[in-house]
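As structure tokens, the structure follows; a few thoughts come after it.
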There are 4 protein chains.
Amino acid sequence: MSKKDSHGSIISYSKIIDIFTDRMVGFVLISMSDKKNKVLQIATKLFAEKGFENTSMVNICHEANVSKGLIYHHFKSKESILIEIFTGVTNQMIEMKTASKSSQEPKLQLVQLIETIFSQLEHDKAFFQLNLNIMFQPSTRQILKEQIEQRASLLFNSVKNIFDQISLKKSDLLSYMFIAEIDGISLNYLSIFNEYPLDMVKEELINKYKYLRINND
Amino acid sequence: MSKKDSHGSIISYSKIIDIFTDRMVGFVLISMSDKKNKVLQIATKLFAEKGFENTSMVNICHEANVSKGLIYHHFKSKESILIEIFTGVTNQMIEMKTASKSSQEPKLQLVQLIETIFSQLEHDKAFFQLNLNIMFQPSTRQILKEQIEQRASLLFNSVKNIFDQISLKKSDLLSYMFIAEIDGISLNYLSIFNEYPLDMVKEELINKYKYLRINND
Amino acid sequence: MSKKDSHGSIISYSKIIDIFTDRMVGFVLISMSDKKNKVLQIATKLFAEKGFENTSMVNICHEANVSKGLIYHHFKSKESILIEIFTGVTNQMIEMKTASKSSQEPKLQLVQLIETIFSQLEHDKAFFQLNLNIMFQPSTRQILKEQIEQRASLLFNSVKNIFDQISLKKSDLLSYMFIAEIDGISLNYLSIFNEYPLDMVKEELINKYKYLRINND
Amino acid sequence: MSKKDSHGSIISYSKIIDIFTDRMVGFVLISMSDKKNKVLQIATKLFAEKGFENTSMVNICHEANVSKGLIYHHFKSKESILIEIFTGVTNQMIEMKTASKSSQEPKLQLVQLIETIFSQLEHDKAFFQLNLNIMFQPSTRQILKEQIEQRASLLFNSVKNIFDQISLKKSDLLSYMFIAEIDGISLNYLSIFNEYPLDMVKEELINKYKYLRINND
DNA sequence: GATGAATGAGGCTTCATTCAT
DNA sequence: AATGAATGAAGCCTCATTCAT
């Protein structure tokens with residue numbers, strides 16, 4: 001999986017489940033006990049499937065084969081589980097951004113970015129829906145306010161860095177439009193239309209940015 | 001307010017609060033009792049502010065100055081309040097779509113549509129957030145599945161009707177892209193960025209569609 | 001239907017539904033409005049089917065096609081409906097007892113009584129079950145305490161009058177045994193055994209009392 | 001207390017309160033927590049006194065000095081408390097039946113059975129009334145349908161085993177009559193007559209079965 | 001006679017969290 | 001690290017009853 005594999009506001013770097021299993025072992029979650037790990041994994045799945053408010057601690061206990069006491073040994077509260085899940089992803093996003101330095105032609109960077117995002121979108125519907133759900137549910141949104149903002153600026157800067165190479169003057173506007181298109185498509189694909197022509201839309205988007213011409217007036 | 005004043009998936013025709021008050025009197029909700037009316041109004045507000053799951057029936061009772069018993073006299077359940085709110089808006093959307101027949105040049109129709117939507121977006125943030133919240137919260141999404149789909153196709157057809165006049169061959173794709181842009185901007189404005197340059201983005205979008213050139217290969 | 005058609009503690013004189021319809025018109029319920037009548041009828045049915053506590057006033061309203069206000073116009077409370085139902089039956093029992101004067105041979109009176117009771121038992125299961133339900137549910141039992149006692153002594157005296165003609169000395173004991181047998185069979189038939197050989201048991205009982213010999217020591 | 005100390009449909013093997021306290025410790029309920037135990041005990045008492053529908057969970061909590069949450073930690077629902085109470089008694093009945101093997105003369109077995117039942121009847125009025133109340137209340141009857149049937153056949157088989165030794169040909173009929181007499185007397189004693197001559201009736205019954213003569217035509 | 005809006009107490013159940021072991 | 005008993009607040013909903021019309 002590419003290092004640039006996430007850049008969206010509602011878009012994230014990688015399969016969330018992976019985060020709490022094999023791939024994270026070694027740099028962030030290395031000291032995390034197996035059981036704590038399992039709780040995060042199951043909680044992520046349940047929050048995505050049922051929503052945060054509709055997932056009870058007992059639900060998590062049962063599915064994770066863990067006692068209530070143990071969960072409260074590892075986590076201060078239900079909220080803190082959510083925060084930890086989000087933080088894990090955010091941290092990874094930061095790390096990956098730091099690591100990603102491409103010397104490619106900017107338009108190709110855009111194309112590659114688009115392809116990565118669309119690929120994730122298809123493979124991790126549930127996790128993207130979790131992100132949406134959390135961002136639009138006032139209660140959870142409040143809890144994760146800062147992280148949401150942090151991620152947004154992270155993404156914006158990533159994109160703007162690319163557009164700066166295309167048109168310094170319009171890079172802000174271009175970034176906003178680009179992110180809006182990506183997010184709008186994601187939203188429509190995930191939650192609005194029943195049979196969304198994701199491939200067709202993707203081709204259109206790639207063509208648009210591959211041959212982008214800026215009128216610098 | 002123009003008759004075409006809403007066409008979005010996460011976009012709706014008019015201020016929701018209005019629906020349950022003055023403007024509906026006379027054609028749809030004419031027989032609705034004052035108290036029932038009040039409950040719908042307050043429930044809409046609270047659902048938007050706190051989310052459906054975090055709004056209790058007692059919250060609604062208190063703010064609406066109504067007894068618990070009365071709510072259950074008028075509504076079968078908490079869910080049914082949500083459904084009634086949504087149905088009210090959906091019905092109005094249908095009605096308005098039926099009524100709207102523009103003979104204008106298609107590109108101008110698009111421009112007008114964009115302006116209407118952006119105007120609403122600025123004036124009804126809470127209600128748009130309610131829509132998003134409901135669509136991404138698995139529990140509420142399930143409850144309103146059919147209406148969400150109905151609205152999506154309603155909007156799509158409206159937009160496609162316009163693009164059909166521009167390019168029959170590409171009208172599907174153009175419609176999907178147009179809606180994605182609108183929804184993406186709404187999403188970013190409402191829930192992602194702290195200080196979103198809505199006016200700048202709006203100008204860009206208007207320019208794009210005002211001078212739209214289609215390459216019909 | 002014979003005049004002696006009920007003598008049981010858990011046994012009553014006649015089909016309860018009849019009481020609130022045609023047959024009563026003319027002597028007890030003559031002034032009862034149709035709607036009140038209907039309420040009593042439906043309430044009896046619902047109490048029998050679901051129990052007193054599990055039948056709500058709204059249930060009765062709906063099934064009787066009557067408004068809540070009207071029920072409270074005719075009846076002081078839910079309890080008072082139950083009381084009125086019971087009183088109707090009790091009054092009829094009293095009236096019938098007064099009217100029944102048989103000059104038959106006492107053993108034949110017993111046989112006739114047995115046959116009447118068994119016949120009712122088969123035709124009015126629901127109503128007998130209502131009686132049982134009410135007598136053993138502490139809350140309803142309390143409400144109808146006096147009537148239950150009144151009915152018991154009414155029945156006992158009826159039976160004892162017959163046994164007095166057979167053996168003055170043992171008539172009390174014989175009456176208690178007779179009533180116990182009748183009630184026990186009813187109970188077993190109505191509520192204990194799945195496939196009760198009612199006919200076989202009835203024949204046995206009839207034979208026992210037809211050829212009754214008393215050892216008057 | 002004899003091992004055969006109960007065989008009735010509305011009759012059970014032993015003091016219910018005992019079941020949840022001292023006597024069970026050691027073989028069935030040994031692992032049951034004190035609090036759960038207390039809840040069953042109190043619930044039994046309250047259901048008997050006020051009926052199932054008229055006993056609220058709060059009533060039970062208060063009398064058992066236990067929190068609402070704890071009850072739901074131990075029991076799935078209010079219904080499940082009732083089921084557990086009933087199951088406890090049913091299991092004991094099964095166990096005792098298995099254990100009881102009498103080599104006595106059959107008529108003496110009947111006499112002994114009668115004496116045991118009458119003794120219980122006098123000492124456990126409340127519990128017998130609970131059984132009746134549950135069997136005749138449609139809602140609770142439904143919940144315990146299977147157990148009621150199981151108990152009925154258990155009792156019937158016990159009694160029939162005895163009568164088989166007296167008259168194979170008539171053992172079915174004799175069993176039904178015997179059970180009806182027992183149940184009828186119980187019913188009359190518990191719920192119909194104010195001052196029931198239980199001793200007199202008991203003597204009569206004992207005499208009847210001690211000197212039973214069967215006409216085997 | 002008749003309606004149904006309105007009330008408020010109370011019922012069952014769920015849940016996050018704490019704590020002794 | 002791990003368990004699960006225990007708590008109490010809060011949630012949704014039902015219900016008998018009253019009252020203005």
Side-chain angles (χ1 to χ4, degrees), chain A residues 33-36 39 52-62 64-81, chain B residues 32-39 52-61 64-81, chain C residues 33-36 39 52-62 64-81, chain D residues 32-39 52-61 64-81:
Chain A
S33 82
D34 268 10
K35 295 257 178 110
K36 179 169 184 185
V39 168
F52 177 75
E53 322 279 1
N54 293 293
T55 301
S56 74
M57 293 300 262
V58 178
N59 288 157
I60 298 172
C61 291
H62 283 0
N65 271 318
V66 143
S67 72
K68 248 185 286 192
L70 187 59
I71 288 200
Y72 280 91
H73 178 76
H74 286 303
F75 301 95
K76 204 177 108 281
S77 65
K78 191 182 165 191
E79 273 191 17
S80 80
I81 297 178
Chain B
M32 201 183 284
S33 82
D34 268 8
K35 294 266 178 98
K36 180 171 183 185
N37 211 343
K38 188 77 191 286
V39 169
F52 177 76
E53 321 278 3
N54 292 291
T55 301
S56 76
M57 293 302 262
V58 174
N59 289 158
I60 299 173
C61 292
N65 270 317
V66 141
S67 70
K68 240 185 298 184
L70 185 61
I71 292 199
Y72 283 92
H73 179 70
H74 287 303
F75 303 93
K76 208 176 105 286
S77 63
K78 191 183 165 190
E79 271 192 19
S80 80
I81 297 179
Chain C
S33 83
D34 268 9
K35 295 256 178 112
K36 179 170 183 185
V39 168
F52 177 75
E53 321 279 2
N54 293 294
T55 301
S56 74
M57 293 301 262
V58 177
N59 288 156
I60 298 171
C61 290
H62 283 0
N65 272 318
V66 143
S67 71
K68 249 185 287 191
L70 188 58
I71 287 201
Y72 280 89
H73 179 76
H74 286 304
F75 302 94
K76 202 176 109 281
S77 65
K78 191 181 164 191
E79 273 191 17
S80 80
I81 297 179
Chain D
M32 201 184 280
S33 82
D34 268 9
K35 295 263 179 101
K36 180 171 183 184
N37 211 343
K38 189 76 192 286
V39 168
F52 176 76
E53 321 279 4
N54 292 292
T55 301
S56 76
M57 292 303 261
V58 175
N59 290 156
I60 299 173
C61 292
N65 270 317
V66 142
S67 71
K68 242 186 292 187
L70 185 62
I71 293 198
Y72 282 92
H73 178 70
H74 287 302
F75 303 94
K76 208 176 105 285
S77 64
K78 192 181 165 192
E79 271 192 19
S80 79
I81 298 178

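To find a chain, count down the sequence lines: A is the first, B the second, and so on, and within it residues start at 1. Computed from a predicted model, the values in this text were never measured in an experiment.
- Nearest to the side-chain atoms of A:Ser67 among the listed nucleotides F:dG11, E:dT13, F:dG4 stands F:dG4.
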Practice item. Would you sort out whether B:Leu70 and B:Val39 count as a side chain to side chain contact (heavy atoms under 4.5 Å, CB included), showing the intermediate values? Key: CA-CA 10 Å; B:Leu70 185 61; B:Val39 169; 5.9 Å; no
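- Projected onto DNA chain F by closest heavy-atom contact, D:Ile71 and C:Ser56 fall at different nucleotides, the more 5' of which corresponds to D:Ile71.
- In this entry the distance linking NZ of A:Lys36 with P of F:dA2 reads 13 Å, nearest Å.
- Between the CE atom of B:Met57 and the C1' atom of F:dT14 there is a distance of 12 Å, given to the nearest Å.
- Mapping D:Lys35 and B:Lys76 onto DNA chain F by nearest heavy atom places D:Lys35 at the nucleotide closer to the 5' end.
- Taking only side-chain nitrogens and oxygens, B:Lys68 never comes nearer than 4.0 Å to OP1 or OP2 of E:dG8.
- E:dA20: Watson-Crick or G-U partner is F:dT3, with both key distances under 3.5 Å.
- Using N1 to N3 plus N6-O4 or O6-N4 for Watson-Crick, or N1-O2 and O6-N3 for G-U wobble, each under 3.5 Å, E:dT13 pairs with F:dA10.
- Between the CG atom of D:Asn65 and the P atom of F:dG8 there is a distance of 11 Å, given to the nearest Å.
- Of the side-chain N and O atoms in B:His74, one or more sit less than 4.0 angstrom from OP1 or OP2 of E:dA6.
- Straight-line distance from the NE2 atom of D:His73 to the P atom of F:dA5: 3 Å, rounded to whole Å.
- One finds no side-chain N or O of D:Lys78 lying less than 4.0 angstrom from the OP1 or OP2 phosphate oxygen of E:dT13.
- Among all heavy-atom pairs drawn from B:Ser67 and B:Cys61, the shortest one is C-SG, 3.9 Å.
- The interatomic distance linking B:Leu70 (CG) with F:dC19 (C1') rounds to 14 Å, in whole Å.
- Atom CZ in C:Phe52 sits roughly 10 Å away from atom C1' in F:dA16 (whole-Å rounding).
- Nucleic acid contact for C:Thr55: sugar-phosphate only, since backbone atoms but no base atoms lie under 4.0 Å from a heavy atom of the residue.
- When rounded to the nearest whole Å, the span between CD of C:Glu53 and P of F:dT14 equals 18 Å.
- Taking all atoms of both residues into account, the shortest heavy-atom contact from D:Tyr72 to D:Ser77 is CE2-CA, 4.0 Å.
- Mapping D:Val58 and C:Gly69 onto DNA chain E via the closest heavy atom, the residue that lands nearer the 5' end is C:Gly69.
- With distances taken from any side-chain atom of A:Ser77 to the nucleotides E:dT17, E:dA16, F:dA2, the minimum falls on E:dT17.
- The distance from atom CZ of B:Phe75 to atom P of E:dA5 is 12 Å, rounded to the nearest whole Å.
- Within the structure, every side-chain polar atom (N or O) of D:Tyr72 is placed at least 4.0 Å from both OP1 and OP2 of E:dT14.
- Nearest heavy atoms, D:Asn59 versus D:Asn54: OD1-O, 3.8 Å.
- Smallest separation of non-hydrogen atoms from D:Thr55 and D:Lys78: O-NZ, 2.8 Å.
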